[in-house]
Structure formats: C-alpha cells, structure tokens
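Fair warning: this is a prediction, and the values are worked out from it, not measured in the lab. Chain letters run A, B, ... following the sequence lines, proteins first, then strands; residues in each count from 1.
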Amino acid sequence: MKSQVIVKKNENLSLKQIAESGQSFRWKEQIDGSFIVTAMNETVQLIEKNNDLIIKGTSEELFKKKWSHYFDLGRNYKKVIAELKGRDQYLDAAIEYGKGIRILNQDLWEIIVTFIISSNNNIPRIKNSIEMLSQKYGSYIKTMNGEDYYSFPRAATLSQVKIQDLRACGLGYRDKYILKTSQMIAEGIIDLKEIKNMSRKKAKKELKKLFGVGNKVADCILLFACEQPAAFPVDTWVKKVLAEYYDFHESKQEKIDAFVEDHFGEFAGIAQQYLFYYIRKTENLK
DNA sequence: GTCCAGGCTCTTT
DNA sequence: AAAGAGCATGGA
C-alpha cells in the first residue's frame with residue numbers, strides 16, 4: 001500500500017533546521033536530503049520540494065490525526081516571529097538565521113526519557129542510546145530504504161528491564177534514572193495525562209518528581225511535549241548566550257524565570273530554540 | 001592525557 | 001538556601 005500526503009508550507013518550516021535543532025533525536029537524514037522519522041508508532045519519509053512538504057508512508061486520515069499536530073501546523077510562526085522581533089539584535093539575528101525551525105509536538109513519555117538521557121551528554125551519543133533502546137525494547141514498524149525502524153519502548157516495558165541491560169544501551173549512570181522513572185510511570189505514581197492539563201508551574205513541579213528530571217530537563221519536556229511555548233530550557237549553550245549577549249549571569253531559577261518572562265514573553269521557549277540553534281551553528285560548526 | 005557534552009542527585013557548608 | 005563533588009562514556 002502506497003500512501004502519501006502533500007502539505008503546502010512556507011519559509012517557517014525547514015526539515016534540515018528542525019533536524020539540527022536538537023529537539024528530536026530520531027530524524028535520520030538520507031543521501032537524497034530527505035528524512036526518515038519515527039514518532040507516535042509510525043515511520044514516515046519527509047521530503048521538501050519548493051513549497052511542499054511531502055510525507056510518505058502515512059494517510060490523509062493519520063496526517064490529520066497525528067502529523068499535523070506533530071509539526072505544529074496549527075501555529076502561525078509569522079505571528080510568533082512578529083511577536084519576538086525587535087526585542088534585541090541577537091535574537092533578531094537568530095530568528096533570521098533559523099526561521100525554518102518549528103517546535104515539534106512530541107510524545108510525552110518519549111521526551112521524558114530522551115531528555116533524561118540528554119543530561120551531561122552529547123547529541124551523537126544521545127541518538128545512539130535512543131536507537132538502541134528502540135531496537136531492543138520497541139516494536140518493529142517497517143523497513144524503509146533497507147533499514148528497519150522500531151517504535152519507542154513503552155514505560156511498562158522499560159520498567160521490567162534489568163539495569164545492566166539498560167546500561168548496555170550506552171546510558172551510563174543514567175540507567176537508574178530511566179529504570180526508576182519507567183517504574184513511576186508504569187505504576188501510575190505520576191500521571192502523564194494530568195501533566196498535560198496542568199499549568200506550566202505545576203506541571204514542572206510534578207515532572208521534577210521523576211528521578212533524573214531537574215530544571216532544565218523539565219523545561220525541555222514542557223516545551224517539546226506539553227505545548228508550553230513559554231518554557232525556557234537553560235543548558236550550557238543558553239547559559240553562554242545569556243552571559244555573553246545579555247550580560248545576564250544569575251544562576252538562581254527564580255531570577256532566570258523573571259528575566260526570561262520579562263525579556264522574551266509568552267513565546268520564550270520558541271525564542272530559546274532560535275538562540276540555541278544559532279549559537280551552536282555559529283560557534284561550533286559540528 | 002584532559003576536557004566537554006541540551007545536568008542531576010547527594011552531600012556538605 | 002547555596003555551593004561542590006561525583007557521575008558513565010565517547011569524541012575532540
């Protein structure tokens with residue numbers, strides 16, 4: 001069965017920029033520049049052609065149900081950018097440079113695990129760990145371009161895995177975080193459905209009860225999986241941006257929150273993605 | 001060999 | 001409340 005969906009897009013959707021923006025670790029670039037993406041128990045191929053986004057391997061119905069939301073197509077990024085522009089020169093430059101970035105709406109459980117793994121870690125290694133977890137504990141979905149793709153494993157599955165088997169996925173000392181957090185979710189100690197309905201502040205407090213989730217990871221979870229565009233993750237890169245370009249050196253969360261809300265406003269998290277992408281691109285070149 | 005990576009937990013002040 | 005140590009692992 002062959003099926004695909006074609007969507008009209010504008011400059012505020014660049015597959016390459018989204019893939020390099022560090023929010024998803026399961027986008028695999030192909031030789032022809034397309035991307036094979038696994039999310040929500042599906043695997044699709046994404047192709048950008050002029051003003052079209054082609055999604056191969058899904059149906060019109062599944063597009064409406066899942067992928068449209070995944071790509072945040074309900075949000076007008078022109079309006080977001082208009083709201084963010086003119087606040088300062090550095091952000092303006094970052095937006096101009098990374099205007100094809102969008103915030104993907106990803107699966108909450110997958111994002112929790114992914115960003116626990118991300119702590120004090122590097123991107124290639126994060127990708128590798130998630131790939132191994134999926135291959136070993138996910139379900140086979142399909143083969144595309146000669147490669148097999150697997151869904152992200154469920155909490156109930158991971159909660160039963162032996163700690164040394166998790167360690168074998170390259171998680172390092174984070175193995176115990178993943179195991180304990182899986183158990184907390186599987187046992188219903190933390191209810192993920194409830195978190196999505198909470199205020200940002202309350203949801204963050206709840207998320208931080210999970211082993212391995214601190215301020216930064218909680219903000220990533222809120223931004224990438226809970227539709228909280230004001231959540232502003234502060235990692236080593238953003239810290240550098242704040243210090244060097246905003247002359248902001250506080251480390252207390254309370255002070256950071258106040259500064260971020262005042263300076264970036266309701267779409268602070270989206271601004272953060274532009275800043276993160278820009279600083280890494282201009283200073284790292286990796 | 002040392003340093004660092006989308007930090008966190010635990011301990012000590 | 002705030003600051004510091006320790007943490008797995010691979011790549012630069």
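Asp175(A) and Arg167(A) are joined by a salt bridge, as a carboxylate oxygen and a charged side-chain nitrogen come within less than 4.0 angstrom of each other. For the pair Glu48(A) and Lys9(A), the salt-bridge criterion is met [side-chain N within less than 4.0 Å of a carboxylate O]. Using a 4.0 Å cut-off between a side-chain N of Lys or Arg and a carboxylate O of Asp or Glu, Glu283(A) and Lys240(A) qualify as a salt bridge. Salt-bridge annotation for Lys78(A) and Glu11(A): present, with a side-chain N of the basic residue lying under 4.0 Å from a carboxylate O of the acidic one. Ion pairing of Glu61(A) with Lys65(A) is absent here, as no side-chain N (NZ or NE/NH1/NH2) approaches a carboxylate O to less than 4.0 Å.
Residue-nucleotide stacking is not present for Phe115(A) and dG6(B), judged by a side-chain ring centre under 5.5 Å from the six-membered base ring centre and planes under 30° apart.
Rounded to a whole Å, the CH2 atom of Trp237(A) is 16 Å from the C1' atom of dG7(B). At whole-Å resolution of the value, NZ in Lys240(A) and P in dC4(B) are 11 Å apart. Per the geometry, CZ belonging to Arg280(A) stands 12 Å off C1' belonging to dC4(B), to the nearest Å. Distance CD (Glu250(A)) to C1' (dA1(C)): 14 Å, rounded to an integer number of Å. Ile117(A) places its CD1 atom 14 Å from the P atom of dC8(B), with the value rounded to the nearest Å.
Ring centroid separation for the pair Phe259(A) and Phe232(A) does not come in under the 6.0 Å cut-off. Separation of the Tyr90(A) and Tyr278(A) ring centroids falls under the 6.0 Å cut-off. For Phe115(A) and Phe224(A), the distance between ring centers is under 6.0 angstrom.
Considering CG of Leu158(A) and CG of Leu166(A), their distance stands at 6.5 Å, rounded to 0.5 Å.
Residues from residues 199-224 of chain A placing a heavy atom under 4.0 Å of any atom in DNA chain B, listed by number, are Leu210(A), Phe211(A), Gly212(A), Val213(A), Gly214(A), Asn215(A), Lys216(A), Val217(A), Phe224(A).
dA8(C) and dT11(B) have their P atoms separated by 15 Å, given to the nearest Å. Rounded to whole Å, the separation between the P atoms of dG6(B) and dA2(C) comes to 28 Å.
Counting any heavy atom pair closer than 4.0 Å across all strands shown, Gln273(A) reaches a base atom. Ser21(A) comes within contact range of at least one nucleobase, with a heavy-atom separation under 4.0 Å.
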Revision key, fill the gap. Reading nucleotides 2-9 of chain C from 5' to 3' and marking B where a protein heavy atom lies under 4.0 Å of the base, S where only the sugar-phosphate is that close, and - otherwise, the string is S----BBB

